[in-house]
2 protein chains.
Amino acid sequence: MHGKGPWWQEKFTQNCVRVTAAREVIINILHDTPDHLSASDIYMKVHVTNPDIGLTTIYRTLELLEQMRIVQKFDFGDGHARYELLNNPGGKGHHHHLICVKCKKIIDYKDFIDEEVNCLGKTQDFLSQKYNFHINDHLVSFYGFCENCKSES
Amino acid sequence: MHGKGPWWQEKFTQNCVRVTAAREVIINILHDTPDHLSASDIYMKVHVTNPDIGLTTIYRTLELLEQMRIVQKFDFGDGHARYELLNNPGGKGHHHHLICVKCKKIIDYKDFIDEEVNCLGKTQDFLSQKYNFHINDHLVSFYGFCENCKSES
DNA sequence: GGATTATTGAAAATGGTTTTCATTACTACA
DNA sequence: TGTAGTAATGAAAACCATTTTCAATAATCC
Ligand SMILES: [Mn+2]
Ligand SMILES: [Mn+2]
Ligand SMILES: [Zn+2]
Ligand SMILES: [Zn+2]
């Protein structure tokens with residue numbers, strides 16, 4: 001697989017957005033992790049190989065990528081925004097979340113996702129009509145206590 | 001309907017939590033609004049009738065009520081936590097959200113909620129087993145553009 | 001009433017995120 | 001290959017919702 005650059009680079013050049021080292025590193029980090037990283041998580045990982053890249057650039061890049069619909073921003077309630085690669089080539093597919101309210105552990109799940117999305121699809125159609133919305137996304141999360149935390153409480 | 005105080009007061013006295021004017025006013029405001037108020041929204045409403053109640057108390061009360069499971073805290077991504085009365089007597093029943101990503105308008109809906117919750121129930125059972133979680137809540141939100149905003153974009 | 005202890009407001013601190021601004025790095029084009 | 005135009009960057013400062021501190025006050029129980 002050689003030739004042109006990665007899938008996301010054309011999105012950049014089309015919009016006069018330059019391909020820079022910082023942006024490349026950040027996307028790679030998000031691509032390689034199974035976790036939901038915060039800005040400073042990413043900063044620390046970036047810092048290992050690129051100690052010249054500042055936290056400000058991390059924030060700016062994440063906002064840019066969010067607006068280009070390359071990453072999605074989440075707030076799980078622990079005071080840090082968290083980011084994950086959107087459903088792009090090489091990204092995770094659409095999934096929902098299972099969140100421990102105590103230790104904040106987050107599990108991506110796809111079990112029953114077809115049935116869920118099917119059911120949500122009907123709701124979406126109905127809501128679009130009734131409230132005259134143009135719906136293009138949904139979020140489903142379950143909350144509770146994980147294996148470790150449910151025994152301690 | 002007279003006699004003892006409102007439904008929530010017994011929850012207080014059981015836990016050595018005192019019934020104060022501030023707490024009473026805040027619960028009443030949350031009870032009377034159809035909106036999803038932020039701490040400073042509530043502060044401003046409180047200030048009209050009780051200018052002696054400070055913003056700190058609003059925050060403290062909301063955290064208390066959240067921990068007593070009387071209100072639920074939401075983050076819709078606009079930089080302010082928002083609160084709504086939980087499914088208590090006099091509160092809204094369980095519902096899901098339809099959110100405009102542009103103007104941040106939020107609609108509570110219950111359409112298809114039975115089908116949704118039924119479907120989510122199956123998922124919940126499966127996830128509980130598979131990941132050994134004790135699940136006690138879920139969140140479903142649809143995102144898109146509302147009537148007004150979809151024409152402008 | 002008085003002792004006990006929860007609650008409170010004001011001010012200060014906190015901490016994640018954003019803004020400012022001067023500098024640097026691309027990119028296009030002559 | 002130089003040069004103008006513009007996008008991107010880092011450091012420091014600003015921002016701002018929320019939390020903490022601490023001395024004063026008010027609810028509860030006797
Ligand atoms: Mn995820
Ligand atoms: Mn609601
Ligand atoms: Zn846990
Ligand atoms: Zn709107």
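Convention: sequence-line order gives letters A, B, ...; per-chain numbering from 1.
In this structure, the side chains of A:Phe142 and A:Ile107 stay at 4.5 Å or more apart for every pair of heavy atoms. Counting heavy atoms from C-beta on, the side chains of B:Glu115 and A:Phe126 never come closer than 4.5 Å. Inter-residue side-chain proximity for B:Met68 and B:Phe12 is flagged as met; some heavy-atom pair is nearer than 4.5 Å.
Using a 4.0 Å cutoff on non-hydrogen atoms, the parts of residues 57-72 of chain B near DNA chain D are B:Tyr59, B:Arg60, ordered by number. Sorted by residue number, the members of residues 33-55 of chain B with any non-hydrogen atom under 4.0 Å from DNA chain C read B:Asp52, B:Ile53, B:Gly54. Residues of residues 13-29 of chain B having a heavy atom closer than 4.0 Å to DNA chain C, listed by number: B:Cys16, B:Val17, B:Arg18, B:Thr20, B:Ala22, B:Arg23.
Between A:Tyr131 and A:Phe133, the ring centre distance reaches or exceeds 6.0 Å.
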If you look only at distance, which donor and acceptor atoms sit under 3.5 Å apart when one is on a side chain in residues 55-63 of chain B and the other is two or more places apart or in another chain?
from: B:Thr61; atom 1: OG1; to: B:Thr57; atom 2: O; distance (Å): 2.7

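A donor-acceptor contact shorter than 3.5 Å is absent between the side chain of A:Thr33 and the backbone of A:Leu30.
A donor-acceptor contact closer than 3.5 angstrom links the side chains of A:Asn132 and B:Lys150. A donor-acceptor pair shorter than 3.5 Å cannot be found between the side chains of B:Gln124 and B:His138.
For the atom pair A:Ile53 CD1 and A:Thr20 OG1, the distance stands at 7.5 Å (nearest 0.5 Å). Rounding to the nearest 0.5 Å gives a distance of 14.5 Å between NZ of A:Lys105 and CZ of A:Phe76.
For residues 75-84 of chain B, the side chain to side chain donor-acceptor pair (under 3.5 Å) pairs, not counting sequence neighbours, are B:His36-B:Glu84, B:Asp41-B:Arg82, B:Asp78-B:Arg82, B:Glu84-B:His95.
In this structure, A:His47 and A:Tyr43 have tilted ring planes: the angle between them lies in the 30° to 60° band.
Put simply, chain B comes within 4.0 Å of DNA chain C, heavy atom to any atom, from C:dT5 to C:dA11, going 5' to 3'.
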